[in-house]
Amino acid sequence: MAATSGSVLQRCIVSPAGRHSASLIFLHGSGDSGQRLRMWIKQVLNQDLTFQHIKIIYPTAPPSVFLLLGGFSMGGCMAMHLAYRNHQDVAGVFALSSFLNKASAVYQALQKSNGVLPELFQCHGTADELVLHSWAEETNSMLKSLGVTTKFHSFPDVYHELSKPELDKLKLWILTKLPREMEKQQ
């Protein structure tokens, strides 16, 4: 477990009893911490929540404005669903080689939203044959029409994969959303 002081992130990890082949991220509720959630589960079960093959991670997040959600492919889709349907108070969302289908519940949720929405950072390879570039463009356009501020980056000749230029752009975006001196901005 990492030490905590002020706004430093803390995480508790419960290692699998056997060979690690899967992971579970268990998020705490508002005003709570990963450590307290783990202790609560231990009280209820009289032991840690453990599995033979699953590592459990209980992160502690400071106020949600310090939290970014994102992922690659289906991970980016899941992040968009989580942020735009349930947790619109996060600092931002990133989706790499990801899309939402035309009838996505995300669009329906955003039609009912009336607050400030997290910015979307989206990257996609033009040569992606698994998740078509046009699907990502359509997702971006639809989200933009529903009030989401977006940054969309196309990468020529990139397939359904990560590229260094894409990750470099993502790093820069992350640092604009979560600069090193966050506590001084508060």
Side-chain angles (χ1 to χ4, degrees), residues 2 9 11 13-16 18-27 34 51-59 61 64-110 117-180 182:
L9 288 180
R11 62 187 163 102
I13 297 177
V14 177
S15 296
R19 189 176 73 79
H20 176 215
S21 63
S23 297
L24 166 70
I25 299 172
F26 205 135
L27 302 174
F51 297 91
Q52 190 65 27
H53 65 295
I54 302 171
K55 176 196 288 187
I56 303 174
I57 304 162
Y58 297 95
S64 56
V65 295
F66 298 105
L67 181 64
L68 296 176
L69 297 173
F72 175 82
S73 193
M74 184 57 75
C77 177
M78 289 171 45
M80 287 186 281
H81 272 273
L82 184 60
Y84 296 122
R85 291 176 65 192
N86 301 354
H87 297 284
Q88 295 179 357
D89 58 344
V90 298
V93 180
F94 65 91
L96 312 175
S97 300
S98 304
F99 79 106
L100 297 170
N101 65 43
K102 291 180 183 189
S104 175
V106 170
Y107 304 141
Q108 296 163 21
L110 288 175
L117 299 168
E119 181 179 69
L120 173 66
F121 178 89
Q122 199 174 358
C123 294
H124 212 94
T126 61
D128 192 336
E129 295 172 343
L130 183 63
V131 176
L132 299 181
H133 185 267
S134 61
W135 298 350
E137 286 180 310
E138 187 175 291
T139 296
N140 189 278
S141 184
M142 186 64 164
L143 290 171
K144 191 179 288 191
S145 76
L146 292 167
V148 175
T149 301
T150 67
K151 292 190 183 334
F152 187 88
H153 302 279
S154 297
F155 293 88
D157 303 319
V158 173
Y159 294 89
H160 196 69
E161 60 190 346
L162 294 172
S163 68
K164 184 174 182 346
E166 175 182 33
L167 293 176
D168 287 341
K169 279 197 181 293
L170 176 62
K171 282 176 61 176
L172 289 173
W173 178 79
I174 289 169
L175 290 174
T176 65
K177 303 308 281 182
L178 304 175
R180 186 175 302 255
M182 277 304 262

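In this structure M74 satisfies the side-chain contact (heavy atoms from CB on, under 4.5 Å) test together with C77, M78, sequence neighbours excluded. Not counting sequence neighbours, the partners of D168 by the side chain to side chain donor-acceptor pair (under 3.5 Å) test are K164. For S141, there are no side chain to side chain donor-acceptor pair (under 3.5 Å) partners at least two apart in sequence or on another chain. Residues meeting the salt bridge (charged side-chain N to carboxylate O under 4.0 Å, His left out) test with E119, sequence neighbours left out: K151, K177. Not counting sequence neighbours, the partners of H133 by the ring-ring contact (aromatic ring centres under 6.0 Å, His included) test are H124, F152. Not counting sequence neighbours, the partners of F121 by the ring-ring contact (aromatic ring centres under 6.0 Å, His included) test are H153, W173. Taking F155 as the reference, nothing meets the ring-ring contact (aromatic ring centres under 6.0 Å, His included) condition, with sequence neighbours excluded. Under the side chain to side chain donor-acceptor pair (under 3.5 Å) criterion, S73 pairs with H160, not counting sequence neighbours. For F26, the ring-ring contact (aromatic ring centres under 6.0 Å, His included) partners two or more places apart in sequence, or in a different chain, are Y58. Judged as a side chain to side chain donor-acceptor pair (under 3.5 Å), and not counting sequence neighbours, E166 has no contacts.
Side-chain contact between M80 and L143: present, with at least one pair of heavy atoms (C-beta onward) separated by less than 4.5 Å. Counting heavy atoms from C-beta on, the side chains of V148 and Y84 come closer than 4.5 Å. Residues E138 and K102 form a side-chain contact, since some pair of their non-hydrogen atoms from C-beta on lies under 4.5 Å apart. For the pair I13/K55, a side-chain contact is recorded, criterion being any heavy-atom separation below 4.5 Å from C-beta on. By the 4.5 Å heavy-atom criterion applied to side chains, L24 and I57 are not counted as neighbours. The side-chain heavy atoms of L132 and F99, taken from C-beta on, include no pair separated by under 4.5 Å. Side-chain contact between V90 and P118: present, with at least one pair of heavy atoms (C-beta onward) separated by less than 4.5 Å. With contacts defined as side-chain heavy-atom distances shorter than 4.5 Å, the pair I56/F51 qualifies.
Pairs passing the salt bridge (charged side-chain N to carboxylate O under 4.0 Å, His left out) check and including a residue from residues 120-132, sequence neighbours excluded, do not occur. Sequence neighbours left out, not one pair with a member in residues 66-87 passes salt bridge (charged side-chain N to carboxylate O under 4.0 Å, His left out).
When atom types are taken as modelled, the side chain of H81 and the backbone of A83 share no donor-acceptor pair closer than 3.5 angstrom. Put simply, the side chain of Q122 gets close to the backbone of A136: a donor and an acceptor are under 3.5 Å apart. Judged by distance alone, with hydrogens and angles left aside, the side-chain atoms of T139 form a donor-acceptor pair with the main-chain N or O of W135 at under 3.5 Å.
Expressed to the nearest 0.5 Å, how far CE of M142 lies from CG of N101 amounts to 10.5 Å. T150 OG1 to K144 NZ: the interatomic distance, rounded to the nearest 0.5 Å, is 3.5 Å. Here CG of L170 is found 8.5 Å from CG of L68. Values are rounded to the nearest 0.5 Å.
Across all non-hydrogen atoms, the minimal contact from T126 to D157 is OG1-N, 3.1 Å. Residue S98 comes nearest to G76 through the heavy atom pair OG-CA, 3.3 Å, listed as atom of the first residue, atom of the second, then distance.
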